[in-house]
Enquirer: 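Handing you this structure, nothing more for now.
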Number of protein chains: 2
Amino acid sequence: MKKQTTIRDVARQAGVSVATASRVLNGRDVVNDATRRRVLEVMEDLRYTPSSAARNLSLGRTLTITVVTSFLTRPQAAERLRGIDASLADSQFDLVIYNVESIEKRNQYFRTLPLRQRTDGLIVVSLPPPEEDVARLEHSDVPIVFVDARQNTTTLPRVLGDDVAGGALAAEHLLDLGHRQIGFVGDAFENPFGFTSSKDRFAGFQQTLSRAGIKPISDHIAMGGHGRYEAHELAVVMLSRPSRPTAIFAASDTQALGVLAAAQDLGLHVPDDLSVIGYDDIEASDFVGLTTIRQQLFESGRAGAQLLMAEITERAPTPQMVVLEPHLVRRRTTASLEGGPREP
Amino acid sequence: MKKQTTIRDVARQAGVSVATASRVLNGRDVVNDATRRRVLEVMEDLRYTPSSAARNLSLGRTLTITVVTSFLTRPQAAERLRGIDASLADSQFDLVIYNVESIEKRNQYFRTLPLRQRTDGLIVVSLPPPEEDVARLEHSDVPIVFVDARQNTTTLPRVLGDDVAGGALAAEHLLDLGHRQIGFVGDAFENPFGFTSSKDRFAGFQQTLSRAGIKPISDHIAMGGHGRYEAHELAVVMLSRPSRPTAIFAASDTQALGVLAAAQDLGLHVPDDLSVIGYDDIEASDFVGLTTIRQQLFESGRAGAQLLMAEITERAPTPQMVVLEPHLVRRRTTASLEGGPREP
DNA sequence: GGACTCAATGTAACCGGTTACATGAAACCG
DNA sequence: CGGTTTCATGTAACCGGTTACATTGAGTCC
């Protein structure tokens, strides 16, 4: 491996000083046109490319934006990431990604990442920071933005979906259709990462039902792991009881798909025998015609990145909060309770 | 923003030289135990964290692995990425991601990324490099690995799925079921990014049919955009013809889902009236029970990252090629042609 | 007791950029 | 024509680490 060409090589070859070469490189100061051309030519000849490490060190910036996300593989995360990427594509910043799938990794990253030397900005996606790290994050001199990471005690800028409103939306839709026996399948409230979306969606849902004078029935509330198969099993149990609900709200589309599978297992026809509504609007939902509450995933990433850029360039003093509203996407898995009888 | 603490601050505070502080930092040379403890203590007190930029500059390495991928948002890409991440998680390398969704971006990245100063290794995922950049990439002194990027003229290490074998597998499955009129819905052969997977899958498929003495029927071959809706429309046309096929092989699950929707539109029952087989085994396929050819997506990322690490640490001289075999995943959208009559 | 070894640590150069300040020449001014 | 401004460029310090080599002092050996 031959030694790489440096700006000094360029300067020597072009018969100028490193300062001039650097100026040409950055298109900054006024450099004589002839000189500029000569230097550029030499750079081309030598296939010179500046060392970003050196530049970073000298400039005191890294020109990178770091994203910490959980479960990169879930479609939600990928979509949010894409929003961030889209927003950063035209900037000079590079995107560094840390994927967290364990508590240890999370803790490690929250300790080591928010450092001036490492990155110019940090976007935390779907990963509420543990309480003991919040103060550290707030006092960090690295601009930080949270996306889909609810953290009650922090004042840092963040982008959130209104999960309570979304839960209410789901409940309203089912109520409108005439349902009164409505089940819920969601995540366990307590979970290692401190995700609150399932909990919040349930809250909005429950609240709306209460207002309509409907009391919660514990047999109609089931919580477990986030996966489709867990939801499948929970739903089988719930739907096998004599007093089964006529509709189910699942805290995520993934879980709703499990509920659909359970209905099929039990010979229940959707939506005639059972209405199902999910949450997220992942790609698969469109495939199967799942009625759901859409989150603005791509938009959340974009908004987060934009907040961050504002912080970086303007040192924006007012921490902002952006709330993205969920919307009902009506498809084929929900129907009026009094709908015509199922065709034989 | 206060000035950050440097290794010199640490050294002064601890009453040692920067060299010793650096040695402690790297756990290298033998440092007296008492001294080491003192230095570590000071580092803790000062909340010192080394500047990666400075370290990189000094070491001549960036400690980053760069991934260039196309269409991050597609589930395939995300899954491959996760394989890469899993393989890198325990290394000291950080993951920098570039997402390409346009030809311009692709060209820009291929020109600027493979540079010693920028990264210690490059993984190119699902993005065949344009012919004119191949030589540049081969002569680059940055280790490069291709994942799912077929490039005939290169000898660089790569990980590929055997699309031809996969296409053959699909054909064999349908032949085994007794089908003789088999349609194909795939991507246009010519596409701006030079993707070849659809073409290769078709080749394996066609070859197998030929061996079985089946001649291609142009009405049963349809190609268009990669999307579900494009496939939907193509399938509607194909299936509306008087001599419609009894089975369809779609070059991707996304397209297969479009075919399924088309069948539903036309009142064709799957699998009784029409068998459908896809390719990829994305998450949604499991949901809808789509028979498909599974690619080892996660594994491809992992293998790619491992090849790269081998190159980096051992300067491995032999460019390798890893081929991952596809597998048939049999679900509910394919059935024997002579299967019992459909229940009324 | 002097020469030698060795462990622990310090000094200073170096990585490859950026940039404050200095320099020199040309242009402009009264 | 001397003084001042302006423009183009050079010199050298600096960013914050790493490390080759030098130094120091204690221990060992004959």
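Every chain is numbered from 1 and lettered A, B, ... according to where its sequence line falls, protein lines coming before strand lines. None of the values given here were measured: they were computed from a predicted structure. Computed over heavy atoms, backbone and side chain alike; hydrogens, waters and symmetry mates excluded.
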Enquirer: Which is true for B:Thr20 with a 4.0 Å heavy-atom rule: it touches a base, it touches only sugar-phosphate, or it touches nothing?
Expert: sugar-phosphate
Enquirer: To the nearest Å, how far apart are B:Arg61 CZ and C:dG16 P?
Expert: 15 Å
Enquirer: For the residue pair B:Arg106 and B:Leu127, establish whether any side-chain heavy-atom pair is separated by less than 4.5 Å.
Expert: yes
Enquirer: Under 4.0 Å between any heavy atoms, over every strand shown, what does A:Val18 touch: base, sugar-phosphate, or nothing? Just pick one.
Expert: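 Since a base atom lies under 4.0 Å of A:Val18, the category is base.
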Enquirer: Of all the choices, C:dG10, D:dT11, D:dT9, which nucleotide is nearest to the side chain of A:Ala19 once you look at every atom?
Expert: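 Among C:dG10, D:dT11, D:dT9, the one nearest the side chain of A:Ala19 is D:dT11.
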Enquirer: Begin with the C-alpha distance, continue with both residues' side-chain angles, and end with the deciding distance and a verdict on side-chain contact (heavy atoms from CB on, under 4.5 Å) for B:Val42 and B:Tyr48.
Expert: CA-CA 8 Å; B:Val42 171; B:Tyr48 166 75; over 6 Å; no
Enquirer: Only one of B:Arg80, B:Glu79, B:Gln295 clears side chain to side chain donor-acceptor pair (under 3.5 Å) with B:Ser300; which?
Expert: B:Arg80
Enquirer: Return the 5'-most residue of the pair B:Ser22, A:Asn32 with respect to DNA chain D, ranking by each residue's nearest nucleotide.
Expert: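 Its nucleotide being nearer the 5' end, the pick is A:Asn32.
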Enquirer: Take the protein atom CE of B:Met43 and the nucleotide atom C1' of D:dG17, then report the distance between them rounded to whole Å.
Expert: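 Nearest whole value for this atom pair: 11 Å.
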Enquirer: Let me know the distance between CG of B:Leu46 and P of D:dG17, rounded to the nearest Å.
Expert: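 Between P of D:dG17 and CG of B:Leu46: 12 Å.
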Enquirer: Report which part of the nucleic acid A:Leu57 touches: base, sugar-phosphate, or nothing (heavy-atom distance under 4.0 Å, all strands).
Expert: base
Enquirer: From the options D:dT19, D:dC15, D:dA8, select the nucleotide whose nearest atom is closest to the side chain of A:Thr35.
Expert: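 For A:Thr35, the side-chain atoms sit closest to D:dA8.
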Enquirer: Answer yes if the side chains of B:Thr62 and B:Asn56 hold a donor-acceptor pair under 3.5 Å, and no otherwise.
Expert: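 No pair is found: no donor N or O on one side chain lies under 3.5 Å from an acceptor on the other.
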Enquirer: Between D:dC15, D:dT9, D:dT18, which nucleotide gets closest to the side-chain atoms of A:Ser58?
Expert: D:dC15
Enquirer: How close or far is atom C1' of D:dC7 from atom CZ of A:Arg36, stated in whole angstroms?
Expert: 14 Å
Enquirer: Between B:Gly15 and B:Leu59, name the one whose nearest nucleotide on DNA chain C is closer to the 5' end.
Expert: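 Nearest nucleotide further toward 5': that of B:Gly15.
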Enquirer: Return the value, rounded to whole Å, for the distance between atom CD1 of B:Ile7 and atom P of D:dT19.
Expert: 11 Å
Enquirer: Check the phosphate of C:dT18 against A:Arg55, side-chain N and O only, distance under 4.0 Å to OP1 or OP2. Yes or no?
Expert: yes
Enquirer: Round to the nearest Å and state the distance from B:Asp9 atom CG to D:dG16 atom P.
Expert: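 Distance, rounded to whole Å: 9 Å.
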Enquirer: I need the CZ-P distance between A:Arg23 and C:dG17, as an integer number of Å.
Expert: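 It works out to 15 Å between those atoms.
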Enquirer: Of B:Met321, B:Gln320, B:Arg158, which is the lone residue that meets side chain to side chain contact (heavy atoms under 4.5 Å, CB included) with B:Leu307?
Expert: B:Gln320
Enquirer: Using whole Å, report how far CG of B:Leu63 lies from P of D:dG17.
Expert: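 These atoms are roughly 14 Å apart.
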Enquirer: Out of D:dA8, C:dG10, D:dG17, which has the shortest distance to the side chain of B:Arg8?
Expert: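 Nearest to the side-chain atoms of B:Arg8, counting from C-beta on, is D:dG17.
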Enquirer: If you measure from the Lys or Arg side-chain nitrogens to the Asp or Glu carboxylate oxygens, is any gap between A:Asp9 and A:Arg12 under 4.0 Å?
Expert: yes
Enquirer: Can you tell me if B:Ser17 touches the phosphate of C:dT11, counting only side-chain N or O atoms and a distance under 4.0 Å to OP1 or OP2?
Expert: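 Indeed not, no polar side-chain atom of B:Ser17 lies that close.
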Enquirer: Kindly say if A:Asn56 contacts the phosphate of D:dC15, meaning a side-chain N or O under 4.0 Å from OP1 or OP2.
Expert: no
Enquirer: Looking only at side-chain atoms of A:Tyr48, point me to the closest of C:dT18, C:dG17, C:dA20.
Expert: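 From the listed options, C:dG17 comes nearest.
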